[in-house]
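These notes concern the structure reproduced below.
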Amino acid sequence: MKVKVDPERCQGHTLCAMAAPDVFELSEIDGHATAVVDEVPAHLEEAVREAARSCPEQAIQIS
(Lines give C-alpha, C1' and ligand atoms only; values in the text may rest on other atoms or scores of the structure.)
Protein backbone atom coordinates (compact mmCIF):
# COMPACT_ATOMS: atom_id res chain seq x y z
CA MET A 1 0.00 0.00 0.00
CA LYS A 2 1.19 3.51 -0.82
CA VAL A 3 -0.10 6.70 0.73
CA LYS A 4 0.31 10.38 0.03
CA VAL A 5 -1.21 13.63 1.21
CA ASP A 6 -2.48 16.20 -1.26
CA PRO A 7 -0.83 19.43 -0.07
CA GLU A 8 -3.51 21.54 -1.74
CA ARG A 9 -6.30 19.89 0.26
CA CYS A 10 -4.60 19.36 3.63
CA GLN A 11 -5.65 21.95 6.20
CA GLY A 12 -3.60 20.61 9.12
CA HIS A 13 -6.38 19.11 11.23
CA THR A 14 -3.80 16.57 12.63
CA LEU A 15 -6.25 13.67 12.65
CA CYS A 16 -4.04 11.58 10.36
CA ALA A 17 -1.03 11.98 12.62
CA MET A 18 -3.12 10.95 15.61
CA ALA A 19 -4.42 7.85 13.79
CA ALA A 20 -1.07 6.81 12.28
CA PRO A 21 1.83 8.71 13.87
CA ASP A 22 4.44 6.41 12.31
CA VAL A 23 3.20 7.27 8.81
CA PHE A 24 2.26 10.96 8.91
CA GLU A 25 4.37 13.92 9.98
CA LEU A 26 3.16 17.45 10.56
CA SER A 27 5.08 20.46 9.31
CA GLU A 28 6.35 22.78 12.02
CA ILE A 29 5.82 25.68 9.62
CA ASP A 30 2.18 25.31 8.58
CA GLY A 31 0.95 22.16 10.36
CA HIS A 32 0.19 20.34 7.11
CA ALA A 33 0.78 16.61 6.95
CA THR A 34 3.05 14.56 4.74
CA ALA A 35 3.53 10.81 4.53
CA VAL A 36 6.98 9.79 5.75
CA VAL A 37 7.00 6.26 4.28
CA ASP A 38 7.06 5.10 0.66
CA GLU A 39 5.39 1.77 1.37
CA VAL A 40 3.04 1.40 4.34
CA PRO A 41 4.03 -1.61 6.45
CA ALA A 42 1.28 -4.22 6.65
CA HIS A 43 0.78 -3.74 10.38
CA LEU A 44 0.00 -0.01 9.82
CA GLU A 45 -2.40 -0.37 6.88
CA GLU A 46 -5.56 -0.25 8.98
CA ALA A 47 -4.34 2.85 10.82
CA VAL A 48 -3.69 4.55 7.48
CA ARG A 49 -7.18 3.62 6.26
CA GLU A 50 -8.61 5.11 9.46
CA ALA A 51 -6.55 8.27 8.90
CA ALA A 52 -7.93 8.57 5.37
CA ARG A 53 -11.51 8.06 6.59
CA SER A 54 -11.09 10.65 9.34
CA CYS A 55 -9.58 13.38 7.15
CA PRO A 56 -12.22 16.14 6.84
CA GLU A 57 -10.59 17.43 3.65
CA GLN A 58 -10.20 13.96 2.06
CA ALA A 59 -6.56 14.87 1.42
CA ILE A 60 -5.14 11.36 1.95
CA GLN A 61 -4.78 9.16 -1.11
CA ILE A 62 -4.20 5.43 -0.81
CA SER A 63 -3.13 3.23 -3.69
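Since the model is a prediction, treat every value here as computed from it, not as a measurement.
With sequence neighbours excluded, no residue forms a side chain to side chain donor-acceptor pair (under 3.5 Å) with Gln58. Residues satisfying the salt bridge (Lys or Arg N to Asp or Glu O under 4.0 Å) criterion with Glu28, sequence neighbours excluded, are absent altogether. Listed by chain and number, the residues in a side chain to side chain donor-acceptor pair (under 3.5 Å) with Glu46 are Arg53 (sequence neighbours excluded). Partners of Met18 by side chain to side chain contact (heavy atoms under 4.5 Å, CB included), not counting sequence neighbours, listed by chain and number: Thr14, Leu15. In this structure Ala52 satisfies the side chain to side chain contact (heavy atoms under 4.5 Å, CB included) test together with Ile60, Ile62, sequence neighbours excluded. When the side chain to side chain contact (heavy atoms under 4.5 Å, CB included) test is applied to Pro41, the partners found at least two apart in sequence or on another chain are His43, Leu44. Not counting sequence neighbours, the partners of Asp30 by the side chain to side chain donor-acceptor pair (under 3.5 Å) test are Ser27, His32.
Considering every non-hydrogen atom in both Phe24 and Val36, the closest pair reads N-CG2, 4.4 Å. Of all heavy-atom pairs between Ala33 and Cys10, the closest is N-SG, 3.3 Å.
Within the structure, salt bridge (charged side-chain N to carboxylate O under 4.0 Å, His left out) contacts touching residues 5-15 (residues at least two apart or in different chains) do not occur. Within the structure, salt bridge (charged side-chain N to carboxylate O under 4.0 Å, His left out) pairs that include any residue of residues 33-43 comprise Lys2-Glu39 (at least two apart or interchain).
Here Leu26 sits alone; no ILVMFWY side chain lies under 4.5 Å from its own, so it joins no hydrophobic cluster.
Thr34 places none of its side-chain heavy atoms less than 4.5 Å from the side chain of Val5.
Rounding to the nearest 0.5 angstrom, the gap separating the NE2 atom in His13 from the SG atom in Cys55 is 7.0 Å. Here the straight-line distance linking atom CD of Gln61 with atom NZ of Lys4 works out to 5.0 Å at 0.5 Å rounding.
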